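Here the structure comes first, spelled out in C-alpha cells, and everything after it is commentary.
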Amino acid sequence: MRTHLCGQIGPAEVGTKVRVCGWVAKRREHGEHLAFVDARDHTGIVQCVIPGTVDVRSEYVIAVEGVVRPRPEGTVNPDLPTGEVEIGDCTVEVLGIAEPPPFVVDDRVDVDETIRLKNRFVDLRRPRMQQNLRLRAQINGALRASMDRQGFVEVETPLLWAPTPEGAREFVVPSRLHHGSFYVLPQSPQLAKQLLMVAGFDRYYQIARCMRDEDLRADRQFEFSQLDVEASFVSQEDVLAFVSEAVLSAAEVATGERPGPIPHMTWAEAIDRYGTDKPDLRFGMELVDLSAVFDGTEVKAFAAPCVKAMVIEGGADLGRSKLDKLTDRAKALGAKGLAWFRVTDGGGEGSTPGLDSPLDRFLSEPERAGLLSATAAAVGDLVLVVADEHRLACTVLGQLRVDTGGRPVSEGPFRFLWVVDFPMFDGVDGDGNPIAAHHPFTMPHPDDLDRLESDPASVRSQAYDLVLNGWELGSGSVRVHRGDIQSRVFAVLGISDDEAESRFGFLLRAFHFGAPPHAGFAVGIDRLVAIFAGEESIREVIAFPKTQSGSDPMTGAPKPLAAGLLAEVGLRPAPAKD
RNA sequence: GGACCUGUGGUGCAGCCUGGAGUGCACGCCGGCCUGUCAAGCCGGAGGUCGCGGGUUCAAAUCCCGUCAGGUCCGCCA
C-alpha cells in the first residue's frame with residue numbers, strides 16, 4: 001500500500017516515484033493551480049505538492065503518490081527533517097475521512113488532560129506520545145535482551161491470584177463458579193516468583209503487570225509494569241549486578257550512551273545526607289548536622305535530639321510569605337516548626353557575616369559562629385533549620401530540599417543509585433508489633449540477626465532500592481529461605497503460626513520441599529521510561545492511563561454492572577446510600 | 001479522609017481581586033479569493049448553560065456556600 005514512510009523521504013529519494021500513507025497534518029491551498037498537503041505518519045511529515053485543488057481536510061487518511069524532487073530555490077524548510085525535498089505532481093487518494101479533531105495534533109499546544117484522555121486515540125498521534133510509547137517498547141526490548149543474555153528465563157505468572165493480605169489494597173475479582181469467593185489481582189508476582197525458585201527456575205524474569213488499589217499520583221497508577229527478577233544461589237551483590245546491567249543497557253538504548261557503574265549508599269547515609277531514601281544526586285544542598293553546635297542550647301526551639309540544617313544558596317531574598325509557606329510545608333510534613341536565618345554581610349567592611357532571623361537574638365555567639373561555619377553558608381544564602389528526632393528532622397528538610405532545589409525530570413544527567421541496608425522494620429502497628437519495612441520474607445542482615453528479638457528497630461535487612469534522579473525505581477531483597485529464621489521474623493512481626501498458614505501457607509509448604517537461597521528485585525518500568533522521556537508523569541508513557549480518581553474518560557470506566565451480570569458472579573448491589 | 005490549584009464558543013487564554021449587556025485575543029471550523037506555501041496570506045461568517053446547584057444583590061463569569069470533574073500534594077502505596 002506504501003513504498004516509503006513519510007519521514008524517510010529525503011534527497012536520496014529524488015527522482016523516485018513514491019507512495020506514502022498517513023494523515024493530513026495540514027493543507028495549504030493557493031487557488032485552482034496549486035495546493036500543498038502535509039502528510040504525517042509516525043516517522044514525520046512530508047510536503048506533497050498538488051497541481052490543482054484537493055478535497056481533503058485535517059486528519060483525513062490519505063495515500064499520496066508522486067515523484068520526489070528537490071524543493072525549488074528558496075523554498076527549503078529547515079525546520080522540517082524532510083524539508084529539502086517534496087513529493088511533486090501528487091495524486092491523493094482518500095482512504096478515510098475525518099471530522100475536525102477535538103484539538104490540534106501537534107506538540108506545540110498543551111491541551112487539558114481530560115480532553116486528551118477522552119480522545120486518547122487522537123492524542124497518541126502526536127509526535128511526543130508516539131516517541132514516548134516507542135521509547136517504552138525499545139526499553140522493554142533492551143531489558144528483555146539483557147535478561148536473556150544473562151541467562152534468565154521469562155515465565156508468566158497468574159493474574160488471578162489468591163487474596164494474601166499484604167501491604168497494598170488488592171483489586172478483587174468475584175468467582176462465577178464459586179459464589180462468595182474471590183480472586184485478587186496481584187500487587188506483584190512476589191510469591192509466585194519465590195515458588196519458581198523452589199521449582200528450580202534459578203534465574204527468572206518477567207515484564208509483569210501489577211495492580212494496587214491505592215490512591216493515584218503522578219508516578220502511580222492502579223496498574224503498572226515491572227521488570228520482575230528473582231535468582232537462586234546468588235548474593236545481594238549478584239542481584240545488584242544483574243539489575244544494573246539491565247537498566248544500564250536500557251539507558252544506553254534510550255540515551256545513546258551507557259552511564260558508569262551505579263554507586264551504592266546505605267539507607268542511613270541517604271537519610272542523614274539527603275533526608276530521603278531516594279536521593280536526587282543531580283544537585284547538592286546536602287543536609288548539615290548542627291546537633292553539636294546546639295548541644296545544651298538555651299534556644300528552646302533547638303532543644304531536641306537532632307538539629308539539622310540546609311542551605312538555600314541565594315535564598316536570603318525570599319520574602320516573608322515564601323518563608324511562611326516553607327514553614328507551613330514543614331509543619332504539614334510533621335515538623336514542629338521551621339527556623340530560618342538569612343545570612344547578611346554583618347554591616348562593616350570585612351566583618352563576619354551576620355544573621356537575620358527572629359531567632360537570632362536568642363543565639364549565643366558560639367552558636368552563631370558554629371551555624372555559619374558548619375553550614376558554610378555565604379552572604380545572601382538562607383539557612384533552614386529543623387530540630388526534632390533525627391529521622392523526622394532529616395526527612396522534613398529532605399522534602400524541602402526537593403521542593404526548593406528540585407530539578408525538572410527532563411534536566412541533567414541520569415544519576416542512578418543503589419540504596420542498601422534498609423532497616424528491617426519501620427514503625428509499629430496498632431498492637432505495638434514492628435512493621436516490615438519491605439516484606440516479611442526479607443532476610444535480616446547477618447550481622448544484626450542476633451538482635452532480631454531484643455532490638456528489632458536496630459536490625460538492618462538485606463533489602464535495597466534502585467533510585468534514579470530522586471525517583472524510586474524499584475526494590476528488592478534477599479529472601480528468607482530457612483524455616484527457623486522465617487518463624488522468628490513472623491514472631492517479631494506478630495504474625496501467628498495460624499495467620500502465617502492462612503496467608504502464605506502454600507509458600508511455607510513449598511519451602512519444606514527444598515528451598516534454595518534466593519534474592520530478587522523489581523524495576524518500575526513506567527517510571528524508568530518517564531525519566532528517560534523527560535516526563536513528569538508516568539501517564540505520559542502509558543497508552544491509556546487512568547485519572548487521579550481512577551476513571552478513564554474515554555471508556556467511562558469504572559461503570560455500574562447490569563444486575564444480571566452481578567447475579568451471575570454471586571453479587572448483589574449494595575443498598576443505595578441515603 | 002485532608003490541603004491547595006484549575007474549570008469561560010471546538011482548542012489555548014484574558015476578563016474575576018474592585019459586580020453593571022457574553023466583552024476581547026490567538027488557533028481551529030464554515031464560505032470566498034489566491035501558482036511556492038509550510039502553525040501560509042487576505043476578506044466574510046458561524047459557534048457560549050462562563051462545569052453544575054443554591055445564596056447575596058436592582059444586577060453575578062465576577063462575591064458567598066455546596067457539589068462535580070481534572071491536576072499537585074499529605075495520608076495511603078509491606
Side-chain angles (χ1 to χ4, degrees), chain A residues 25-40 45-53 57-59 69 71-80 82-83 86 88 99-119 122-123 164-170 187-188 190-191 210-222 224 325 328-334 396 399 402-403 422 424-427 429 434-442 461 463 472 475 477 489 493 495 503-504 524 536-537 539 545-551 553:
Chain A
K26 203 72 201 175
R27 170 197 54 156
R28 293 177 294 278
E29 286 185 305
H30 289 255
E32 55 182 319
H33 300 293
L34 178 68
F36 300 97
V37 170
D38 289 340
R40 181 196 63 237
I45 284 175
V46 65
Q47 172 167 283
C48 309
V49 186
I50 288 95
T53 60
R57 306 275 163 149
S58 288
E59 301 308 316
R69 65 192 190 199
R71 293 205 186 185
E73 191 79 30
T75 65
V76 166
N77 183 355
D79 297 331
L80 210 58
T82 62
E86 63 191 12
E99 292 176 21
F103 50 87
V104 208
V105 181
D106 192 317
D107 287 343
R108 284 172 291 202
V109 268
D110 274 329
V111 181
D112 180 84
E113 196 167 344
T114 317
I115 293 165
R116 292 178 57 201
L117 290 181
K118 185 164 186 173
N119 303 278
V122 173
D123 188 43
T164 54
E166 294 168 41
R169 189 179 297 114
E170 295 163 324
Q187 46 184 297
S188 85
Q190 180 61 38
L191 302 181
C210 308
M211 295 81 173
R212 297 181 187 173
D213 190 1
E214 298 288 351
D215 287 0
L216 280 46
R217 288 281 196 284
D219 62 351
R220 283 167 22 197
Q221 285 272 302
F222 282 152
F224 57 99
K325 274 190 179 152
D328 289 346
R329 174 74 165 156
K331 285 179 178 167
L333 293 164
V396 168
Q399 188 59 54
V402 173
D403 289 351
F422 270 67
M424 186 76 187
F425 307 104
D426 191 12
D429 65 18
I435 299 168
H438 188 54
H439 60 54
F441 315 109
T442 302
S461 68
E472 181 193 325
S475 56
S477 63
V489 172
L493 290 171
I495 299 174
R503 282 168 67 178
F504 325 112
E536 302 281 346
S537 163
R539 294 188 299 276
K546 306 279 188 292
T547 67
Q548 193 164 61
S549 66
S551 57

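The structure displayed is predicted, hence computed values, not measured ones. Chain letters run A, B, ... following the sequence lines, proteins first, then strands; residues in each count from 1.
Residues satisfying the ring pair (Phe, Tyr, Trp, His ring centres under 6.0 Å) test with A/H30, not counting sequence neighbours, are A/F36. Residues that satisfy the ring pair (Phe, Tyr, Trp, His ring centres under 6.0 Å) test with A/F504, not counting sequence neighbours, are A/F441, A/F490.
Residue-level contact check: A/R539 touches the backbone only, with heavy atoms under 4.0 Å from sugar-phosphate atoms and none from bases. When heavy atoms are screened at a 4.0 angstrom cut-off, A/P440 is found touching base atoms of the nucleic acid. Using a 4.0 Å heavy-atom criterion, one finds that A/R69 contacts the bases of the nucleic acid, with or without backbone contacts as well. Residue contacts shown for A/T442 are absent, as no nucleic acid heavy atom lies under 4.0 Å away. Residue contacts shown for A/A437 are limited to sugar-phosphate atoms, with no base heavy atom under 4.0 Å away. Nucleic acid contact class of A/V104 (heavy atoms, under 4.0 Å, all strands): none. As judged by a 4.0 angstrom heavy-atom cut-off over every strand, A/I115 is placed among residues touching the sugar-phosphate backbone only. Contact annotation for A/P102: backbone-only contact, meaning every heavy-atom pair under 4.0 Å involves sugar-phosphate atoms and none involves a base. Within 4.0 Å of A/D112, counting heavy atoms only, lie sugar-phosphate atoms of the nucleic acid but no base atom. Within the 4.0 angstrom heavy-atom criterion, only backbone atoms of the sugar-phosphate kind lie near A/D110; the bases stay farther away. Among the atoms of the strands shown, base atoms are found under 4.0 Å from some heavy atom of A/E86. Within the nucleic acid shown, A/R217 comes within 4.0 Å of at least one base atom, counting heavy atoms only.
One cannot find a donor-acceptor pair under 3.5 Å joining the base of B/U37 and the side-chain atoms of A/R27. With hydrogens and angles ignored, a donor-acceptor pair closer than 3.5 Å exists between the side chain of A/N77 and the base of B/C38. A/Q47 contributes a side-chain N or O that forms a donor-acceptor pair with the base of B/U37 under 3.5 Å. Between the side chain of A/R329 and the base of B/C74 there is no donor-acceptor pair of N/O atoms closer than 3.5 Å. Interface remark: the A/R220 side chain does form a donor-acceptor pair with the B/C77 base, using a distance-only criterion of under 3.5 Å.
The same atom, C1', is picked in B/G55 and in B/G1; the two are 28 Å apart, to the nearest Å. Between the C1' atoms of B/A46 and B/G51, the separation comes to 24 Å (whole Å). Between B/C50 and B/G66, the two P atoms lie 22 Å apart (nearest whole Å). Comparing the same atom, C1', in B/G19 and in B/C25 gives a spacing of 23 Å after rounding to whole Å. For the C1' atoms, the distance linking B/U57 with B/A69 amounts to 29 Å, nearest Å. For the C1' atom pair drawn from B/G20 and B/A59, the interatomic distance equals 7 Å after rounding to whole Å.
The base-pairing partner of B/U62, taking Watson-Crick or G-U wobble contacts with both distances under 3.5 Å, does not exist among the strands shown. Pairing for B/G41 goes to B/C33, judged as Watson-Crick or G-U wobble with the two contacts each under 3.5 Å.
When each of A/E536 and A/I435 is assigned the nucleotide of RNA chain B with its nearest heavy atom, A/E536 is the one assigned upstream, toward the 5' end. Comparing A/P553 and A/A168 by the nucleotide of RNA chain B that holds the closest heavy atom to each, the one mapping nearer the 5' end is A/P553.
Remark: ring of A/H30 does not overlap the six-membered base ring of B/G36 in a stacked fashion, as centroids less than 5.5 Å apart with planes less than 30° apart are not both met. By the criterion of a centre-to-centre distance under 5.5 Å and near-parallel planes under 30°, the ring of A/F36 forms a stack with the base of B/U37.
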Practice problem: For A/R220 and A/Q548, run side chain to side chain contact (heavy atoms under 4.5 Å, CB included): C-alpha distance rounded to whole Å, both residues' side-chain angles, the deciding distance at 0.1 Å, then the answer. | Solution: CA-CA 9 Å; A/R220 283 167 22 197; A/Q548 193 164 61; over 6 Å; no
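Look at CG on A/D403: it is 11 Å from C1' on B/U72, rounded to the nearest Å. Nucleotide B/C74 holds its P atom 14 Å from the CD atom of A/E214, rounded to whole Å.
With values rounded to the nearest 0.5 angstrom, A/N77 atom CG is found 11.0 Å from A/E86 atom CD.
Not one side-chain nitrogen or oxygen of A/S549 sits closer than 4.0 Å to the OP1 or OP2 atom of B/A69. A close approach under 4.0 Å does occur between a side-chain nitrogen or oxygen of A/K26 and OP1 or OP2 of B/G28.
Side-chain N or O atoms of A/Q399 include none that pairs as donor or acceptor with a backbone N or O of A/A330 at under 3.5 Å.
Looking at A/K26 and A/D38, no side-chain N of the basic residue comes within less than 4.0 Å of a carboxylate O on the acidic one, giving no salt bridge.
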